[in-house]
Each structure stands twice: as structure tokens, then as C-alpha cells.
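Heads up, the thing below is written out as C-alpha cells.
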Amino acid sequence: MRRARVVLRRRWRRWSSPSATVIAPPALVAIAAAGLLGLGGLGWMARQLIASASGAEGRPSLLEILQEVRQPPMAPEAGRRQAPPPPQRQAWRSPLRPSCAPPAEALRQRLENRLVVLQNTPHRVAIDPSNFGQRFDHDAFGNPVDSTPKVVVLHETVYGIGSALNTFLTPHPNDDDQVSYHTLIGGDGAVLNTVDPSLRAFGAGNSAFNGLWVITNPRVSGSVNNFALHLSLETPLDGEDNDPAHSGYSSAQYDAMAVVLTDWMRRFGFPAQNITTHRYVDLGGERGDPRSFDWRALEVRLAALGMLCPPR
């Protein structure tokens, strides 16, 4: 729309009579010109409105433009919206090999007995509610999501198990400070359950597993927390640093870990191939735990419990 700009210069002249103030002739000319332009503008608007009725010139009419200006901004589309996928990366390849060979009876019996004790007399520690939450049944974009646990993420505490517990017991109103695991396993094989598997522990931040994550906050990236279980091993004393390795975990820890994992796999029905590491799921490339992990030690124990034999 073209606009005409008229600059009026008002010149006031005072005549000899002190009571009379009149507008000089040049000002009258300017006012008259402005009036003609105004009438011309009204005429242009009228032509545009008439053209809008007939659809002339194939352009948006003035009426349409005015109606568009009066409308409020369009509201976000209601209902589901497509959630962004996680970055592409190589799929997880489990170091655990399938095995249906008859296990050593003594090992199987020892682990089965421990499983019974774990299920009948669990050791639970109540941590601060700010460090865990409910699992979501919809993501931040309105899409339904399956929150059934389907992957286990293995961690290590780096410092002693007491340090980890103190962190979980401390209130953390800031989201960036909230952290927890479902289960901790001490160096002596003691199992401490800190978050019920039905709830969401805050074990991994920016993370994904085999192309899966859930975005529960549109302002941040996705995470595996909504469908993951987190298990952490107490780090040996020589591992309380940033070195890439340490002396490793105890035999009692591998026994306890195999028992906990067997309990979870039987309850939720996911395969042993979905047992992964914090190192793998972390998308920021900052996590390296659990360091010095012996996959063969875990494999032998899970095989003894019959958890590595594919269904036929």
C-alpha cells in the first residue's frame, strides 16, 4: 500500500487588529491539498473493497488484509506433534553371548539362593523425592510412550557408596543436580534399592539407546530415563579418580549384579542384550562408566541362571 506524506507548514501572521488571528493563504492551500488526498485515499480503499468482491488482480484484497491484521496469532496445533529423533549413532552390540549350555550346578544353586533372598528381603533406602519421579505415559509433544523398563544402564559410583547415598538423600530443587540409580551394589555385594523400578530414576541426562529416547521437557534433549533401569557398582578405592581404568569389581559384586539383572529381566521381559553402559547411552561423550568392567564374569553368571539361552 502506497502512502502519501504531506508536510504542512503553518505560518501564522498577526494582523493589525490585536483581537483577530487568521490563517494565511498558503496554509489554506496546504489544508485543501490534504483534504483532496484524503478523499483520494478513500476512493482507493473503495476500489480495493470492490475488487475484493470480484477477486480482481488475483491479489489479497484490502479487506482480507484488514481481517488478517485483526486476527490473533495462530495457536499451536492441538494434539500430537512429531518428536525429534536422537542423533544417529552405531547400534549397541552386546558383549554378552547367547548360551544354552548346562551351567555349573554349584554356581547356579548359589545364585538362585541369593535371588530368593533378594526378592524376599529387599534392602530399601528412602532417598529425597526430588531425585526421582514418575514415569511418563506421554512425551512433551503429546505422543503416547511406553514407559515399561526395557533397558538397563550400568554405572559406577566413582567414590564410595556412602558418598552416592548422601547425594541421593540431599534435596536438589535444581534439575541439573538431581541424580539417582534404582539399585546400588557395594564392594561386598550388598544390594541397596533406592528407587522402585516402577519409578523414573535420574541416571542419565542427554542419552539414547539404539535410536530411542523420550523427550519429557521440550527445552532439553531426550533421555533413556523414562524406559531405563539404572544399576551402579561401588568403585574400588583405586578408582576414585579420572583414570580410564582401575582394579575392577569384586566377585561378590558380579554375583549380586547377575541376581538383580535376572530379577528385572524376569519381571519386565527384556533380553540380556539390552544391558548396556552409561558410556554407550551418553550422547555428550563425557561418561566412561563403568570402567574396567568384566563382561565375561557377568556372562558366566547370567548363563548359569538361564538368562542367555534364546527362546525356542
Side-chain angles (χ1 to χ4, degrees), residues 92 94-96 111 114 118 122-128 130-132 149 151-170 172 176-197 200-207 209 223-225 228-264 272 274-302:
W92 167 250
S94 174
L96 298 171
L111 295 174
R114 178 146 191 182
L118 174 74
H123 187 180
R124 303 188 183 280
V125 178
I127 65 174
D128 190 83
S130 64
N131 292 316
F132 64 93
V151 60
V152 175
V153 181
L154 302 178
H155 305 258
E156 65 174 300
T157 60
V158 180
Y159 296 99
I161 197 169
S163 176
L165 285 174
N166 286 336
T167 301
F168 301 164
L169 292 168
T170 302
H172 291 115
D176 294 336
D177 300 327
Q178 296 167 347
V179 61
S180 60
Y181 309 124
H182 290 92
T183 297
L184 292 161
I185 297 179
D188 60 355
V191 177
L192 303 179
N193 298 307
T194 54
V195 178
D196 190 271
R200 183 169 51 97
F202 303 150
N206 180 25
S207 56
F209 177 75
S223 170
V224 301
N225 287 340
L229 294 165
H230 296 279
L231 185 152
S232 185
L233 300 166
E234 182 177 23
T235 303
L237 289 176
D238 65 329
E240 295 183 354
D241 49 38
N242 292 324
D243 292 343
H246 50 61
S247 59
Y249 309 101
S250 69
S251 177
Q253 284 179 296
Y254 284 104
D255 280 359
M257 178 169 45
V259 167
V260 171
L261 293 173
T262 296
D263 179 52
W264 286 347
N274 284 17
I275 301 170
T276 186
T277 65
H278 197 188
R279 178 196 295 269
Y280 172 76
V281 301
D282 175 50
L283 295 176
E286 300 174 351
R287 308 301 180 186
D289 56 318
R291 297 168 294 168
S292 302
F293 190 81
D294 187 350
W295 285 98
R296 177 58 181 167
L298 177 60
E299 181 182 286
V300 169
R301 290 162 171 81
L302 288 178

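- Nearest heavy atoms, Ala252 versus Asp188: CB-O, 3.6 Å.
- Legend: residues meeting salt bridge (Lys or Arg N to Asp or Glu O under 4.0 Å) with Arg291, ordered by chain and number and at least two apart, are Glu156, Asp241.
- Using a 4.5 Å heavy-atom threshold, the side chains of Leu229 and Thr183 count as separate.
- Formation of a donor-acceptor pair under 3.5 Å by the Thr157 side chain with backbone atoms of Thr235 is found in this model.
- Side-chain N or O atoms of Ser250 include one that pairs as donor or acceptor with a backbone N or O of Gly187 at under 3.5 Å.
- Using a 4.5 Å cut-off on side-chain heavy atoms (C-beta onward), Ile275 and Met257 make no contact.
- Within the model, atoms CD1 of Ile185 and CD of Glu234 stand 11.0 Å from one another, a figure rounded to the nearest 0.5 Å.
- The minimum heavy-atom distance linking His230 with Val224 is given by the pair CE1-CG2, 4.5 Å.
- Applying the side-chain hydrogen bond (donor to acceptor under 3.5 Å, both in side chains) test to Gln178 and every residue at least two apart in sequence or in another chain returns nothing.
- Partners of Arg124 under the side-chain hydrogen bond (donor to acceptor under 3.5 Å, both in side chains) rule, at least two apart in sequence or in another chain, do not exist in this structure.
- Applying the salt bridge (Lys or Arg N to Asp or Glu O under 4.0 Å) test to every pair with at least one member in residues 252-261, sequence neighbours left out, gives these pairs: Arg110-Asp255, Asp255-Arg301.
- The line from OG1 of Thr194 to NE2 of His182 is 8.0 Å long, rounded to the nearest 0.5 Å.
- Side-chain atoms of Ser223 come within 3.5 Å of backbone atoms of Gly205 as a donor-acceptor pair (strictly under, hydrogens ignored).
- Within the 4.5 Å cutoff, no side-chain heavy atoms of Pro95 are placed close to those of Phe293.
- Ring geometry, Tyr249 versus Tyr254: the interplanar angle exceeds 60°, so the pair is classed perpendicular (tilted spans 30 to 60°).
- For the pair Leu302 and Glu299, the minimum side-chain heavy-atom distance is 4.5 Å or more.
- Side chain of Ser180 to main chain of Phe202: a donor-acceptor pair is present (N/O by atom type, distance under 3.5 Å, no hydrogens or angles).
- Applying the salt bridge (Lys or Arg N to Asp or Glu O under 4.0 Å) test to residues at least two apart or on different chains, none of the pairs has a partner in residues 279-290.
- Not one N or O on the side chain of Asp243 forms a donor-acceptor pair closer than 3.5 Å with the backbone of Ala245.
- The minimum heavy-atom distance between Ile161 and Leu192, with the atom names listed, is CD1-CD1, 3.7 Å.
- The heavy-atom pair separating Asn131 from His172 by the smallest distance is OD1-ND1, 3.0 Å.
- Ile127 has its side chain within reach of Val195: a pair of non-hydrogen atoms, C-beta onward, lies under 4.5 Å apart.
- Heavy-atom minimum distance, Asn225 versus Ala204: ND2-O, 2.6 Å.
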**OP:** Please lay out, stage by stage, how Leu298 and Leu261 fare under the test side chain to side chain contact (heavy atoms under 4.5 Å, CB included).
**Re:** CA-CA 10 Å; Leu298 177 60; Leu261 293 173; 3.9 Å; yes
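- For the pair Leu231/Trp264, a side-chain contact is recorded, criterion being any heavy-atom separation below 4.5 Å from C-beta on.
- Pro236 and Gly248 make their closest contact through CG-O, 3.4 Å (heavy atoms, listed as atom of the first residue, atom of the second, distance).
- Taking the side chain as every heavy atom from C-beta outward, Val152 and Asn274 never approach each other to under 4.5 Å.
- Listed by chain and number, the residues in a ring-ring contact (aromatic ring centres under 6.0 Å, His included) with Tyr181 are His155, Phe168 (sequence neighbours excluded).
- Note that OH of Tyr159 and CG of Asn166 are 14.0 Å apart. Values are rounded to the nearest 0.5 Å.
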